[in-house]
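Just so it is clear: chains get the letters A, B, ... in the order the sequence lines come, proteins before strands, and each one is counted from 1.
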Amino acid sequence: MKKRFWLLLSGAAFLVLAQQQLLIQRPPRLIKQTLQSIHSGNAAIDFQFSRPMQRQSVAENSRIDPQTPHRWLGENNPLRLILDAKHGINVPLRLTLSGKDQRELSLQKQSSFWDPRPWIIVSRTTDTGEQIQLQDRDGRWIPISPTWPGIQSIVPFGNGRGIAIVSRNVDGDEQVWLQRLQPRNLTRRPTGLGPPKLEPLQSLADKPFFFAHLSSNLNGDLLLQTGGFSPGSERFQLIGADGNKRSLKLKTSGPVQLLPSGGGLVVPTFDGLSLRPIIDNGRPVQLLPGSRNLGAFCAASGRAVLIRHWPDYRRSIELVIPGLSPKQLHLGEEAILAVSCDSLGEHVWAVLGGWSGRKSEHEIVMFDRNGKVLKRRLLTPWSLKAGAPLQFDPVTQQLLMTIVKTQNNDGRAGIMDAFTLEWRKLLSTPISEAQWLTAG
Amino acid sequence: MTRGLLIALWGWLLVWSVLSRRLDLLLRGVFHGLVGVSGVALIVVGIAVMTRNIKQREPVPWPWLAGGLMAILVLLLPPNPSFSDLAATRPQGLPEPLELAFVLPPEQRTLTEWVRLLRSQPDPDLVDGNPVNISGFVLKLGESPAQIARLTVRCCLADATPAGLPVAWPKDMEPKVNQWLAIEGRMRVESRDGQRVAVVVPETIQPIERPLRPLEP
């Protein structure tokens, strides 16, 4: 009996030792690579390894083809790769990952294929109604929604994993839909890159609304703000990236926006804009008084561009940097039709509308963070479509807008170099509205 | 009788630690009530033992007397721990935050919230120029430059984890290890050991008393 006991005990000890030696000798592995939406460069990926790595060794032994300026961040695990291409990225990349862990064991070389460029999605009229379509890399249009009598708004998710749509039926009532997508822009197979795959379309409400407003953040959460004809019928529902739903109680005087980095909301009130956390943390709500609208968020840096309306009908563009009072970049009588900014708020773009004799003219202006005009250009013979957004893409360093010719009601997707303000592409397909869909 | 007195003395020690806030140096506030209730329970037990054995003179073993002496010393001598020494021997991993703190105005972020934010989002350019208003003790680990730090705890000192931020100390200042400071300034991105890191650039540095609750959750 005693012998058996010692045998069992030594057997267990041997197993433990063998397992320990096996694990010590085992080289590090790449567990997960995840696209990171919050960064200060063109695009970023987080790499999760099975062991703490030597960042310097990974940085020296890994390669990006074609060569692209980049930096590695993080202590040892996970590590973040941020691309810093000054003139943008216009081709898919091949990443070869290698390096040593902190025990000096080498990671087996492995390749991934990454296309960080966003997709263009548009709403356009077909024979049977309005539809959302995505343009693939060859220029073909792929339908990604059914047709509806009308499409009121499209909100691509900040993580590229879905699109929320407000459609309009023949009676003018609005219905909200969610089209989830599976991005295919980061893969281990060279042939695996491609447009996102569609999942089944979901209806987000069982009855139509008088109005619906949507907002998404970089995590892929969606805020649904709906209302009916009766006062007090306004409802707020937050649908998390994991699909969990929760109701929020908010008092607002307009459309509520989710903060890009998550965790907070910008709520318009009768006397200004308030910034509040989604989960009440007991701290006071931050309020910015004055007649202001939120123009654009500067990605995840916490900075934003506001449009301020003055009592004498002038309008100003303001850059809000956390902890500082808003900085005025522009003040004038021109209409401010759309604004956008880069991820750190170093550059701000605005489309201004003025009059030249009896003709309206739209002009795009690029400001630096101090309000200095760096470049300006008339959009003539085009003008920005009323209500259409101006969107900056950090990957390709391009601006996307929906433009119309005054004598023609059909819109076109116009893509402009963000820093030279030269047109790069004017798509010939007639559309209602164009937006970027982040690759993921 | 003496045993009951010693039990009651330990009970009083626990209650006194809660009342005098000495326990804040050891344990998170949420657990203080539990310690207080245990102290009251020990006092009640001590009184019960005393009343039962009021006329008996039994020999008291020396470990009981040593324990009693220890309790008196703890009551008389205020603790003065070195957080810096403790931090140097603790692992560096911080628990994940419940919510990212980007939504907080930067000047309202505590030192621990800053460290959590920078560990979960290691891109220092995102916070370049943000105002900073933090307090902590001076921590020096080996040969590396002094940081401003706090100890975070889930429960008590046994699981304390240091959270520190690098500081661009003024040239004429030699930060003293363990000294508590309040710093107002800005975040600036600097290259240190070939890595871009967010560094606190102080505009004012104020020596302060150790806060009543030095441990952060």
K.L.:
More than 12 foreign heavy atoms under 6.0 Å from CZ of Arg63(A): is that the case here?
P.N.:
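Count not over threshold, so no.
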K.L.:
Could you tell me which non-hydrogen atom of Pro122(B) sits nearest to which non-hydrogen atom of Gly74(A), and how far apart they are?
P.N.:
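It is CB-N, 4.0 Å.
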K.L.:
Given heavy-atom pairs under 4.5 angstrom as the criterion, report whether the side chain, backbone, both or neither of Leu344(A) touches chain B.
P.N.:
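Contact with chain B: side chain only.
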K.L.:
Roughly how far, to the nearest 0.5 Å, is CG of Leu126(B) from CD1 of Ile38(A)?
P.N.:
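Rounded to the nearest 0.5 Å, the CD1-CG separation comes out at 8.0 Å.
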K.L.:
Which residues satisfy the salt bridge (Lys or Arg N to Asp or Glu O under 4.0 Å) test with Arg196(B), sequence neighbours excluded?
P.N.:
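Here the qualifying residues are Asp125(B).
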K.L.:
Assess whether atom CD of Gln67(A) is packed by more than 12 heavy atoms of other residues, nucleotides or ligands within 6.0 Å.
P.N.:
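At most 12 heavy atoms, drawn from other residues, nucleotides or ligands, come within 6.0 Å of this atom.
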K.L.:
Once you round to the nearest 0.5 Å, how far does CD of Glu75(A) lie from CG of Leu118(B)?
P.N.:
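Result: 10.0 Å between the selected atoms.
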K.L.:
Distance from Asp46(A) atom CG to Gln121(B) atom CD, nearest 0.5 Å?
P.N.:
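Reported value, rounded in 0.5 Å steps: 7.5 Å.
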K.L.:
Starting at CZ of Arg55(A), measure out to CD of Gln195(B) and round the result to the nearest 0.5 Å.
P.N.:
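Going from the CZ atom of Arg55(A) to the CD atom of Gln195(B) covers 3.5 Å.
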K.L.:
Return each pair, listed once, that meets side chain to side chain donor-acceptor pair (under 3.5 Å) where at least one residue sits in residues 163-178 of chain B; pairs must be two or more places apart or across chains.
P.N.:
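The answer is Ser82(B)-Asn178(B).
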K.L.:
Does Trp180(B) have more than 12 heavy atoms from other residues, nucleotides or ligands lying within 6.0 Å of its CH2?
P.N.:
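Enclosed: over 12 neighbouring heavy atoms sit under 6.0 Å from CH2 of Trp180(B).
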